[in-house]
> 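What follows is a structure written as structure tokens; I'll ask about it next.
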Amino acid sequence: METVKIHTEFIKLDQLLKYSGICDIGSEAKALVADEQVKVNGEVCLMRGKKIRPGDVVEALGHKLVVAAEE
């Protein structure tokens with residue numbers, strides 16, 4: 001499991017996919033979400049603008065990310 005640190009209260013799902021390096025561009029992130037290939041906290045998520053907060057776990061393309069607050 002990889003840890004991704006954010007310095008804001010939340011990050012949108014599509015932005016997290018780009019920030020973490022899973023996707024290179026926004027259209028890739030949009031397609032992943034639309035194709036039901038992204039899980040948030042174990043459930044398929046269809047909202048690319050979903051607010052991801054510290055403690056959330058995101059899975060996509062074989063990556064498993066846990067979001068943490070930057071200290």
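Just so you know, these numbers use all the heavy atoms, side chains as well, and skip hydrogens, waters and symmetry mates.
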> For the NZ atom of Lys64 and the CD atom of Glu2, what is their distance to the nearest 0.5 Å?
11.5 Å
> Kindly write out the residues that satisfy side chain to side chain contact (heavy atoms under 4.5 Å, CB included) with Ala69, not counting sequence neighbours, or none if the list is empty.
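So Ala69 forms a side chain to side chain contact (heavy atoms under 4.5 Å, CB included) with Pro54.
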> Got a sec, which pairs hit side chain to side chain donor-acceptor pair (under 3.5 Å) with one end in residues 41-59, sequence neighbours left out?
Glu9-Arg53, Asn41-Asp56
> Can you list, by chain and residue number, the hydrophobic cluster partners of Val66 when the side-chain cut-off is 4.5 Å?
Met1, Val57
> What side chain to side chain donor-acceptor pair (under 3.5 Å) pairs are there with at least one residue in residues 10-23, not counting sequence neighbours?
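Counting only pairs at least two positions apart or across chains, no side chain to side chain donor-acceptor pair (under 3.5 Å) contact touches residues 10-23.
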> Decide side chain to side chain contact (heavy atoms under 4.5 Å, CB included) for Leu65 and Ile22; before the verdict, give the C-alpha distance in whole Å, the side-chain angles of both, and the deciding distance to 0.1 Å.
CA-CA 10 Å; Leu65 311 172; Ile22 292 176; 3.6 Å; yes
> Do Phe10 and Val67 share a hydrophobic cluster, counting only Ile, Leu, Val, Met, Phe, Trp and Tyr and linking them when any side-chain heavy atoms are less than 4.5 Å apart?
no
> Between side-chain atoms of residues 29-39 and protein atoms elsewhere (two or more places apart, or another chain), which donor-acceptor pairs fall under 3.5 Å?
none

> Suppose we screen for side chain to side chain donor-acceptor pair (under 3.5 Å). Which residues come up paired with Glu28, at least two apart in sequence or across chains?
none
> Distance check, rounded to the nearest 0.5 Å: Leu17 atom CG versus Ile52 atom CD1?
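Reported value, rounded in 0.5 Å steps: 8.5 Å.
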